[in-house]
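Letters A, B, ... mirror the listed sequences (proteins, then strands); counts begin at 1. Every heavy atom of this structure was used, including side-chain atoms; hydrogens, water molecules and symmetry mates were not. Being a predicted model, the structure only gives us computed values, none of them experimental.
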Amino acid sequence: MFDASPGALAQASDALLVDRAADGDGRAFAVLLRRHAPVLRAYVNRLTRRPSETDDVLQEVAIAAWQALPGLENPEHVKAWLFRIAERQAFALLRRQPQHVELDEEIPTRGDEEDRSDARHAIRAALTRLPEQQAQVWVLREVGGLSYAGIAEQLGVPESTVRGALAQARKKLLDTMGGAR
Amino acid sequence: MTDAPVSGVPAADDFDGHTLEELAEYLDRGRYPVDPSIESSPACRIALAGLQRLREIAGPLLQQEADAAARDDRWIDEVLGRISLESRAGRRFPFPDVPVGTEAVVTEGALRGLVRAIGDSIPGVLTGRVRFEPDESGTRLDLAVDVTVFYGTSIQSASAAFRERIALLLPRHAPFAVGALDLRVRDVLERGPEQP
């Protein structure tokens with residue numbers, strides 16, 4: 001049978017890949033996953049702080065996405081949609097396995113030594129040192145773009161808790177950034 | 001780190017009568033409508049600058065972490081083994097005129113795959129969404145197919161090739177001849193298909 005060359009699919013828009021995956025094309029789905037996997041991985045790492053569990057979470061994300069793709073109304077917004085699924089699966093993991101040893105060191109990345117931005121580096125390190133909930137709230141708000149209500153729902157806490165944690169996180173990060181100047 | 005202000009950002013959660021949350025929401029609104037009690041306060045303006053800087057760091061944070069991390073996509077191969085392509089099988093179309101006691105059907109999902117592959121086989125074409133419906137006689141299939149074409153592809157020749165190939169191949173794999181074929185070009189890609 002005829003096949004689109006892998007290079008051709010890699011150049012296709014998200015919307016086209018979504019349409020094909022929704023029609024049952026597993027190869028298009030794989031291209032879509034490969035395209036967004038690195039950022040989804042970074043997001044899940046930031047939310048769960050459990051890099052060793054991230055592959056499992058990403059697999060759950062992919063399976064949930066595959067099942068729900070035919071109902072996706074705006075295929076061009078698939079990245080944001082995948083982020084929402086990643087949030088749900090990340091917190092599902094945390095609910096399944098609540099016990100957790102806090103990581104002391106920053107999430108390892110290869111490029112740290114090349115990171116020329118002191119402020120950026122300081123923020124990443126500070127984010128890792130923040131209490132888990134404060135870091136989650138900040139990441140969901142500033143990186144994920146969720147509303148207070150959306151964050152509250154995701155974390156299963158009142159909105160007032162979200163507001164308090166976000167204020168704490170912002171204050172600490174601002175202090176950190178001041179120190180990095 | 002101590003609690004003392006390091007860069008002029010006050011440690012207390014009070015910025016001339018405003019909270020950090022208020023300032024963040026003010027920033028969310030694009031500092032509009034202008035609030036003079038905020039804009040005239042040096043403490044507020046320093047905090048706003050800090051929040052703005054924080055936001056500029058937050059935006060590309062994941063992409064930078066993604067770029068810096070070692071790429072490991074083995075989980076994708078695993079997941080592809082776990083998802084069921086059968087979940088998209090859809091309707092079943094039986095072939096008439098098969099020997100008694102024999103059943104031969106083709107699924108909607110398999111037919112979509114066939115149409116997709118036919119489109120992909122035409123140089124410069126990538127098939128998108130495929131929809132079809134048997135006509136009233138039940139012998140012909142009316143098709144609506146979205147395609148993306150690469151820049152420079154002649155849409156007329158591509159359409160003609162699509163029609164020719166599908167008219168030839170569909171009856172071999174399905175109990176239908178081709179009825180109406182509605183080909184919609186949804187997107188034009190800039191580079192050639194053989195340049196990954």
Side-chain angles (χ1 to χ4, degrees), chain A residues 1-13 15-16 19-20 22-26 29-30 33-34 37-39 41-43 45-46 55 58-59 62-63 66-67 70 107 109-112 114-115 117 119-120 123-124 138 142-143 163 166-167 170-171 173-179 181, chain B residues 1 5-9 11 13 19-21 24 47 50-51 53-55 57-58 61-76 78-80 82-83 85 87-89 109 112-114 116-118 120-121 126-130 146 148 150 186-187 189 191 193-196:
Chain A
M1 192 48 77
F2 316 108
D3 271 334
S5 73
L9 271 187
Q11 291 170 64
S13 67
L16 177 81
D19 281 348
R20 288 175 68 117
D23 274 2
D25 183 3
F29 187 56
L33 289 180
R34 279 183 227 289
V39 170
R41 175 181 296 278
Y43 194 41
N45 277 341
R46 278 293 173 200
D55 274 3
L58 290 175
Q59 289 203 10
I63 287 165
W66 174 257
Q67 288 163 353
I107 294 168
T109 56
R110 276 188 319 185
D112 278 350
E114 296 158 18
D115 192 342
S117 163
R120 205 184 299 149
I123 290 302
R124 278 195 204 144
W138 187 83
E142 297 291 343
V143 180
R163 290 174 186 274
L166 188 58
R170 280 179 171 146
K171 201 155 37 171
L173 294 176
L174 282 179
D175 287 347
T176 302
M177 224 166 46
R181 265 176 213 155
Chain B
M1 178 150 303
V6 183
S7 63
V9 177
D13 191 20
T19 65
L20 205 51
E21 183 181 350
L51 287 170
R53 177 83 185 104
L54 206 49
R55 197 151 289 180
I57 291 174
L61 181 83
L62 292 185
Q63 190 61 55
Q64 286 157 355
E65 291 184 351
D67 291 344
R71 179 142 201 160
D72 182 0
D73 286 342
R74 275 172 297 184
W75 67 274
I76 294 177
E78 265 184 64
V79 94
L80 290 175
R82 285 175 62 193
I83 60 172
L85 297 178
S87 63
R88 305 276 202 266
R112 284 214 179 99
L114 173 72
R116 194 160 55 233
I118 290 171
D120 288 351
S121 75
L126 267 179
T127 319
R129 198 167 180 265
V130 175
D146 292 345
T148 288
F150 287 91
R186 294 293 297 268
D187 201 5
L189 287 181
R191 284 185 296 157
E194 300 313 322
Q195 303 162 10

Counting only N and O atoms by type, is there a donor-acceptor contact under 3.5 Å from the side chain of B:R71 to the main-chain atoms of A:P38?
-> no

How many angstroms lie between [atom1] in [X] and [atom2] in [Y], if you round to the nearest 0.5 Å?
X	Y	atom1	atom2	answer
B:L126	A:L9	CG	CG	5.5 Å
A:D23	B:R88	CG	CZ	8.5 Å
B:E21	A:K171	CD	NZ	12.0 Å
A:R170	B:R55	CZ	CZ	6.0 Å
A:R163	B:T19	CZ	OG1	9.5 Å
A:L16	B:T148	CG	OG1	4.0 Å

Would you mind checking which part of [X] comes under 4.5 Å of any heavy atom in chain A, side chain (CB onward), backbone (N, CA, C, O), both or neither?
X	answer
B:L80	side chain
B:R129	both
B:D73	both

Residue pair [X] / [Y]: nearest heavy atoms and the distance that separates them:
X	Y	value
A:F29	B:I83	CD2-CD1, 3.8 Å
B:F150	A:Q11	CE2-OE1, 3.6 Å
A:A167	B:L20	O-CD2, 3.9 Å
B:G128	A:D19	C-CB, 4.4 Å

If you tally heavy-atom pairs under 4.5 Å against chain B, which of A:G26, A:A37, A:G24 wins?
-> A:G24

Given the rule in the side-chain contact (heavy atoms from CB on, under 4.5 Å) test, do B:L54 and A:W138 qualify, once you have shown the distances and angles that lead to the verdict?
-> CA-CA 11 Å; B:L54 206 49; A:W138 187 83; 3.9 Å; yes

Is any side-chain heavy atom of [X] closer than 4.5 Å to a side-chain heavy atom of [Y]?
X	Y	value
A:N45	B:E65	no
B:R116	A:D25	yes
A:D55	B:E78	no

Applying a strict 4.5 Å limit to non-hydrogen atoms, the region of A:I123 in contact with chain B is side chain

With only heavy atoms counted, which part of A:R41 is less than 4.5 Å from chain B, the side chain, the backbone, both or neither?
-> side chain

Yes or no on side-chain contact (heavy atoms from CB on, under 4.5 Å) for A:R46 and B:L61, after CA distance, side-chain angles and deciding distance?
-> CA-CA 10 Å; A:R46 278 293 173 200; B:L61 181 83; 4.3 Å; yes

Counting only heavy atoms not in B:R186, do more than 12 fall under 6.0 Å of its CZ?
-> no

